[in-house]
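This report concerns only the one structure given below.
Numbers restart at 1 for each chain; the letters A, B, ... are given by sequence-line order, proteins then strands. Atom set for the values below is all heavy atoms of this structure, side chains included, hydrogens, waters and symmetry mates excluded.
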2 protein chains.
Amino acid sequence: MAARRLILSQFLPYRLSITMQAVSEGLATRYSHEFGITVPEWRVISALGEHQEMTARDIAAHARMNKTMVSRAVATLLERNILLRRENSGDRREAFLRLARRGDDIYAAIVPMALDYERKLLRDLPKAEIAALDRALTVLLHRADEEARAINDKINGDAE
Amino acid sequence: MAARRLILSQFLPYRLSITMQAVSEGLATRYSHEFGITVPEWRVISALGEHQEMTARDIAAHARMNKTMVSRAVATLLERNILLRRENSGDRREAFLRLARRGDDIYAAIVPMALDYERKLLRDLPKAEIAALDRALTVLLHRADEEARAINDKINGDAE
DNA sequence: CGAAATTAGTTTCATATGCAACTGATTTTG
DNA sequence: CAAAATCAGTTGCATATGAAACTAATTTCG
């Protein structure tokens, strides 16, 4: 546990952070400019584009958003007629959400834009390196979740 | 430019975003809990730990922060006697910042914690995959910066 | 030299975010 | 069955954030 030097530009959490920031901004600028959609809103739209009909809770789980964020994004999108909402008559706490006509159009317009952007980013990485990146991100997310759980347990006194 | 399906869980910008979020949180929880330091404050401290003495402007450039963020983090850290500030008598707009005694202590305590965390995250990735991840992040950041510039130029009408 | 432009850094303001408290509905359990 | 606990989703509140306006200092240039 020797205190080696820490060089910010080589430190993984820092690099991940600035890279994701740049990547995310580059894409968000496009669709926000063209469709007035925020990042959380895009997440909701893409979740529903992928799964047709979900509750807010499902969306939160699928897109790793907290329920406040989902609630607000959904409210705005309903307001703008981008989503449709159908109450679950079997459990009136929840409601099924899906893309309205306008939502379909927006989704259909953003998807190629997003995939094109992704392609550009990865353009000159060899296939093998892209595969390695994929694996690495999977492992990192998994480990980070584990570590987060560990540290929270320690802070909260473990026995809950 | 065919509108292939977009699967959120496989879409690079999304994966980067959630991974960095988990990674960043896992580390930030530790030092915020132990030292009451925020992420921007840690960035400033680590920049100064690495480079001894810098102006706010240098810090912003080195740690990819905007000047508002630096200004606020520095103000808090000065307040808490974690930094020292020495006005540049040759150019009184700027000031040189460096870690105070307390800042050194905090830095010395966080660095091993941060490196340990990084080690844990990368624990079961083979050396070759880590190297591939490094290269990939470098390329991605570079491409994303390029794309951001391109899109901004397009939006602002290019000829500035 | 002196006006205009530029720069470092701060502050204002409008927006984004998340936790925690809340509402209304459903489920659990004594 | 009724009280307590849980759950889906919303809202209030306090904090975080960044763009743009601002201040004070320096540089540029007519």
Side-chain angles (χ1 to χ4, degrees), chain A residues 17-18 20-22 24-26 28-29 32-33 36-44 47-48 53-79 83-97 148 152 155-156 160, chain B residues 17-18 20-22 24-25 28-29 32-33 36-44 47-48 53-79 83-98 148 152 155-156 160:
Chain A
S17 169
I18 63 172
M20 104 72 186
Q21 172 122 354
S24 173
E25 233 176 74
T29 302
S32 80
H33 180 253
I37 298 285
T38 67
V39 175
E41 283 159 23
W42 157 243
R43 289 229 186 143
V44 168
L48 291 174
E53 200 168 52
M54 304 168 96
T55 64
R57 192 180 139 278
D58 295 336
I59 294 172
H62 184 70
R64 277 216 170 205
M65 302 165 70
N66 68 44
K67 61 183 183 171
T68 307
M69 214 154 70
V70 174
S71 174
R72 288 200 265 244
V74 165
T76 307
L77 294 171
L78 284 169
E79 187 70 28
L83 299 191
L84 294 174
R85 177 195 151 94
R86 182 171 66 82
E87 210 176 54
N88 179 0
S89 54
D91 182 343
R92 283 164 36 244
R93 286 172 302 186
E94 66 182 17
F96 299 115
L97 301 162
N152 280 329
I155 288 174
N156 298 332
E160 183 82 349
Chain B
S17 169
I18 64 172
M20 101 73 185
Q21 170 121 355
S24 173
E25 236 176 70
T29 302
S32 81
H33 180 254
I37 298 285
T38 67
V39 175
E41 283 159 23
W42 156 244
R43 288 227 187 144
V44 168
L48 291 174
E53 201 168 51
M54 305 168 95
T55 64
R57 190 179 141 279
D58 295 336
I59 295 173
H62 184 71
R64 276 214 169 209
M65 301 166 72
N66 68 44
K67 61 183 183 171
T68 306
M69 216 153 70
V70 174
S71 172
R72 287 199 268 241
V74 165
T76 307
L77 294 172
L78 285 170
E79 187 70 28
L83 299 191
L84 293 174
R85 179 197 151 93
R86 183 171 65 81
E87 210 175 55
N88 178 0
S89 55
D91 181 345
R92 284 167 33 244
R93 287 171 303 186
E94 65 182 17
F96 300 115
L97 301 163
R98 60 187 189 80
N152 280 328
I155 289 174
N156 299 331
E160 185 79 350

Legend entry - Under the side-chain hydrogen bond (donor to acceptor under 3.5 Å, both in side chains) test, residues paired with A/Gln21 that sit two or more places apart: none
Legend entry - DNA chain C: 5'-most and 3'-most nucleotides touching chain A, 4.0 angstrom heavy-atom criterion: C/dT17 to C/dT26
Distances for protein N/O vs nucleotides 18-20 of chain D N/O pairs under 3.5 angstrom?
residue: D/dG18; atom: OP2; partner: B/Asn66; partner atom: ND2; Å: 3.1
residue: D/dG18; atom: O5'; partner: B/Asn66; partner atom: ND2; Å: 3.3
residue: D/dG18; atom: N7; partner: B/Arg72; partner atom: NH2; Å: 2.6
residue: D/dG18; atom: O6; partner: B/Arg72; partner atom: NH1; Å: 3.4
residue: D/dG18; atom: O6; partner: B/Arg72; partner atom: NH2; Å: 3.3

Please tabulate, for the side chains in residues 62-74 of chain B, all donor-acceptor contacts under 3.5 angstrom to protein atoms that are two or more places apart in sequence or on a different chain.
residue: B/His62; atom: NE2; partner: B/Glu50; partner atom: OE1; Å: 3.3
residue: B/Arg64; atom: NH1; partner: B/Asp145; partner atom: OD1; Å: 3.4
residue: B/Arg64; atom: NH2; partner: B/Asp145; partner atom: OD1; Å: 3.4
residue: B/Arg64; atom: NH2; partner: B/Asp145; partner atom: OD2; Å: 2.4
residue: B/Asn66; atom: OD1; partner: B/Thr68; partner atom: N; Å: 3.0
residue: B/Asn66; atom: OD1; partner: B/Met69; partner atom: N; Å: 2.8

Inset, instruction - Could you pull out all residues at least two apart from B/Glu53 that satisfy salt bridge (charged side-chain N to carboxylate O under 4.0 Å, His left out)? - result: B/Arg86
Legend entry - Between CZ on residue B/Arg43 and CD1 on residue B/Ile37, distance to nearest 0.5 Å: 14.5 Å
Inset, instruction - Identify, with sequence neighbours excluded, every residue that meets side-chain hydrogen bond (donor to acceptor under 3.5 Å, both in side chains) alongside A/Ser24. - result: none
Inset, instruction - First locate atom CG of A/Leu83, then atom CG of A/Leu48, and finally report the distance between them rounded to the nearest 0.5 Å. - result: 6.0 Å
Legend entry - Toward the 5' end of DNA chain C, by each residue's nearest nucleotide, A/Asp91 or A/Pro40: A/Pro40
Legend entry - Rounded (10°) bend between the five-pair end axes of the helix from C/dC1-D/dG30 to C/dG30-D/dC1: 10°
Inset, instruction - Mind checking side-chain hydrogen bond (donor to acceptor under 3.5 Å, both in side chains) for B/Arg98 and listing every partner two or more places apart, or none if nothing turns up? - result: none
Legend entry - Integer-rounded Å distance: D/dA25 P and B/Glu94 CD: 14 Å
Legend entry - Residues touching DNA chain C, which here means a heavy atom under 4.0 Å, drawn from residues 57-65 of chain B: B/Arg57
Legend entry - Whole angstrom value for the distance that separates C1' of D/dA16 from CD of B/Glu25: 14 Å
Legend entry - Which atom of B/Glu41 lies closest to which atom of B/Gly36, heavy atoms considered: OE1-O, 3.9 Å
Legend entry - Residues which pass side-chain hydrogen bond (donor to acceptor under 3.5 Å, both in side chains) with A/Glu25, listed by chain and number, not counting sequence neighbours: none
Legend entry - Rounded distance in Å - CG (B/Asn88) to P (D/dT27): 10 Å
Legend entry - side-chain contact (heavy atoms from CB on, under 4.5 Å), paired with B/Leu97, selected from B/Ile59, B/Asp58, B/Val44: B/Ile59
Legend entry - Residues which pass side chain to side chain contact (heavy atoms under 4.5 Å, CB included) with A/Ala28, listed by chain and number, not counting sequence neighbours: A/Tyr31, A/Val39
Legend entry - For A/Arg92, all residues meeting salt bridge (charged side-chain N to carboxylate O under 4.0 Å, His left out), sequence neighbours excluded: none
Inset, instruction - Under 4.0 Å between any heavy atoms, over every strand shown, what does B/Ala95 touch: base, sugar-phosphate, or nothing? Just pick one. - result: sugar-phosphate
Legend entry - Side-chain touch B/Thr55/B/Asn88, heavy atoms, less than 4.5 angstrom: no
Inset, instruction - Starting from C1' on D/dA25, measure out to CZ on B/Arg93 and report it in whole angstrom. - result: 5 Å
